[in-house]
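In what follows, chains are A, B, ... by sequence order, proteins preceding strands, each numbered from 1.
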Amino acid sequence: MATRIQRLLALLQWVASHADGVEVSEACERFAMTETELVRELEMATMIGDGSAEFDDMPFLVIIEGSRVEASLLSFRRPLRITEPEGLVLLASARALIDDETDPDGPLARALAKLADHLGVAIGTSMDVDLDHDGGETGRTLAAAVEARRRVRFTYWSYGRDSVEQRLVEPWQLLNHDGEWYLSGLDVDKEGARRFRLDRIDGLEVTDDPATSPVPKDHSIALGEDAPHVVLDLGPSASWVVEAYPVQSFEPVGERLRVKLAVTGASWLERILLRLGSDAEVVEIDPRVGELDIVARAAERVLARYR
Amino acid sequence: MSTPQRIERLVLLMDLLLDTRRSLSAQEIRAEIRGYPDNDASFKRQFERDKDELREMGVPLIVEEVPGADPPVLGYRIRKDDYELRDPGLEVDELEALNLAAAVVGFSGGLGRRAMFKLGGGASPVAQRAELADDPNLFTAFAAVVARQPVAFRYHEVDRVVDPHRLQFARGRWYLHGLDHHRGDRRWYRMGRIQGTVQLSGERGAFEAPQQGGSELRLDPWALSSDAQPVVARVWFDPVAAVGVRDDLRDAVVVSDDDRGMVVELVVHNRDGFRSWVLSYLDRAEVLGPADLRAEMISWLEGLARGGGR
């Protein structure tokens, strides 16, 4: 609602700033609206206040004639002030895109400085945003491959299973989640949709082979329902596991917490257990993942390094 | 009531309150603006919702007693100078750059777009690429940083009052840096760990913004502050793990990096965090030294290999 009202006021202010009006198509392009949508919004605007007996109770005068539209404003000639939340969002967005390579005299840097000054914020001192906004060299290369619809080849360290393999992938999309970049795509050899974390990709190469698989509309890749499970008893200092991992259920058992976790791979579970130490105990484990002594075996394997 | 009717009512309400010289009571407003229900209770409810909507848009609604009214009654108006955007003086290319930035890096909820409409921008020119995580307390914290106003919140089961100095987004999360009144030192707080809501507590301009940024935000598990004496650790990673580790290292010193793996030296402030981090690489990492840190790791692993004494 609030965004739609601000868009309507912005549209009317922009049209009114052109004394001779503007082309409807131009307004559509600027505000990314279809002609039907635009005309509907403008017609709504002309109705506002038309029930009143007084002509000057109507805040806007809008005339649509053929392919042109004109507006004059009796109220709302100036835009509404920016709220602090809106200001924060804009500052953060702009700050996120500025890095060491950004021209300090370029338009974005100048805009950020003016906006920060306008809001009374010292960028770098009172707020800062450290966002890897494109996934670095790997991210840029992959983005280009997505755009060009090319297959890519790389070495991937599969963290969950702790294995290193060559992958041939038809890249669909790059996405950022919780500060990490991921590539979603079709793994050609495994014939299925997969998600890859960019910082585990090595030796990336864009091939000349075209990617032919259709990009699905929804390519969120979730853990399957049939993913193996493990049941752990956690001590008080290990309860952070509940918020950090995909816990399926949990219940208190005395001082401890009994949790059921979906497991993405044996190595993934080994890491958690090694880190938690005696704060965690395996109560039940899917045989596809390992045995109840999974942590002891993992500890012995790591210890072998030290001997 | 349909959306266009509600939009009309809100626009007329803003127009009326911007135009009035003295504040208007709810009943006067009801008489002027069509679209409010006849029933008293539902009028009251809808008028409350409209006021909330105006405030959310950023309309500075003044609530004061209607002058001369007897008995006293509350009235509403909007001062034009408060309502209108002071011109930030953006040139055309600056506006376009900002419009693009707001499109590429987004928050959920359309706030950035709304702000761009106010500044004279148009629709999103491109699709969003990255999202800055939202946090329910973020905007209060930001308003407090800007206004130099202390805030009160609960963190790690302790109620705190903090002079908020700085907000920082790093590795997908928001952090607040400020002076803790009770402890008397400056600390970092992870916004997502704040329990309940952040409340403004105290006057605007209650403290001076510090000239320096204070302690740097360190998120590396081995660098988190603790009471232990810092120690320089030497760690080996195999070539596979090294690919991922390289991005994480920041100020660590790389001693060697070849096809036998990578050896780094880093300053460990937090031994638990360090052990946890090294173990996340399983047998692809090894603590080489110093001897006591290596012995600690071996003893931790031996405890688990024997079944942790259970």
Side-chain angles (χ1 to χ4, degrees), chain A residues 2-3 5-7 10 30-32 44 48-49 51 59 75 78-86 88-90 92-94 96-97 107-108 110-111 114-115 118 120-121 125-131 133 157 164 176 178-179 199-200 202 271 274-275 278 295-296 299-303 305-306, chain B residues 4 7-8 10-12 15 34 53 56-58 83-85 88-90 93-94 97-98 101-102 105 107 110-115 117-118 122-123 130-132 139 142-143 145-146 166-172 209 213 240 243-244 247 276 279-280 282-283 286 298 300-301 304-305 307-308:
Chain A
T3 303
I5 293 178
Q6 289 310 322
R7 185 180 65 176
R30 187 173 176 86
F31 290 91
M44 178 177 75
I48 292 178
S75 303
R78 294 275 311 139
L80 176 57
R81 65 175 189 161
I82 293 176
T83 64
E84 277 155 345
E86 289 166 348
L88 166 64
V89 168
L90 279 190
S93 304
L97 296 186
L108 186 60
R110 283 185 272 120
K114 284 184 183 176
L115 196 63
H118 179 79
V121 180
T125 310
S126 50
M127 87 97 89
D128 211 347
V129 174
D130 182 3
L131 174 77
H133 64 85
W157 175 26
V164 180
N176 189 294
D178 274 356
D199 63 352
R200 296 183 188 135
D202 198 19
R271 284 188 190 94
L274 284 179
R275 292 170 63 183
S278 55
V295 65
E300 275 153 25
R301 219 175 60 238
V302 181
L303 268 176
R305 276 266 169 234
Y306 290 82
Chain B
I7 289 177
E8 170 172 24
L10 284 165
V11 169
L12 290 175
D15 195 18
R34 72 172 172 176
E53 191 79 46
E56 205 214 313
M57 277 197 276
Y83 171 94
E84 287 182 349
L85 179 74
L90 295 170
D93 61 339
E94 293 165 355
L98 209 53
V105 182
F107 275 79
L111 279 177
R113 191 51 32 208
R114 205 193 296 169
F117 285 144
K118 291 177 179 179
E131 182 163 300
L132 290 169
F139 297 135
F142 179 66
V145 170
V146 174
R166 175 182 172 89
L167 266 180
Q168 182 158 355
F169 183 83
R171 298 205 195 170
V240 171
V243 174
D247 293 341
S276 227
L279 282 174
S280 72
L282 297 173
D283 55 349
E286 180 183 345
I298 291 173
W300 175 269
L301 287 166
L304 292 171

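Both the backbone and the side chain of Leu88(A) come within contact range of chain B, judged by heavy atoms closer than 4.5 Å. Within the 4.5 angstrom heavy-atom criterion, only side-chain atoms of Ala96(A), from C-beta onward, approach chain B. Looking at Tyr83(B), both its backbone and its side chain come within 4.5 Å of chain A, counting heavy atoms on both sides. Looking at Ile5(A), the atoms closer than 4.5 Å to chain B (heavy atoms on both sides) all sit in the side chain, from C-beta outward. Contact annotation for Val11(B): both backbone and side-chain heavy atoms come within less than 4.5 Å of a heavy atom of chain A.
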| message | Run Leu274(A) and Leu301(B) through side chain to side chain contact (heavy atoms under 4.5 Å, CB included) and show every step you take. | response | CA-CA 8 Å; Leu274(A) 284 179; Leu301(B) 287 166; 4.0 Å; yes

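Options Ala299(A), Ala32(A), Ala94(A) differ in how many heavy-atom pairs under 4.5 Å they form with chain B, and the most are formed by Ala299(A). Most heavy-atom pairs under 4.5 Å with chain B, from the set Ala10(A), Pro79(A), Ser75(A): that is Pro79(A). Counting heavy-atom pairs closer than 4.5 Å to chain A, the top-ranked of the candidates Val145(B), Leu10(B), Ile298(B) is Ile298(B).
By the 4.0 Å N-to-carboxylate-O rule, Arg305(A) lies too far from Asp283(B) to be salt-bridged with it. Under the 4.0 Å criterion applied to side-chain N and carboxylate O atoms, Arg81(A) and Glu84(B) are not assigned as salt-bridge partners. Between Glu56(B) and Arg114(B) there is a salt bridge, with a side-chain nitrogen of the basic residue lying less than 4.0 Å from a carboxylate oxygen of the acidic one.
No side-chain heavy atom of Phe139(B) sits less than 4.5 Å from a side-chain heavy atom of Thr83(A).
Taking CD1 of Ile7(B) as the start and CD1 of Ile48(A) as the end, the distance is 7.5 Å to the nearest 0.5 Å.
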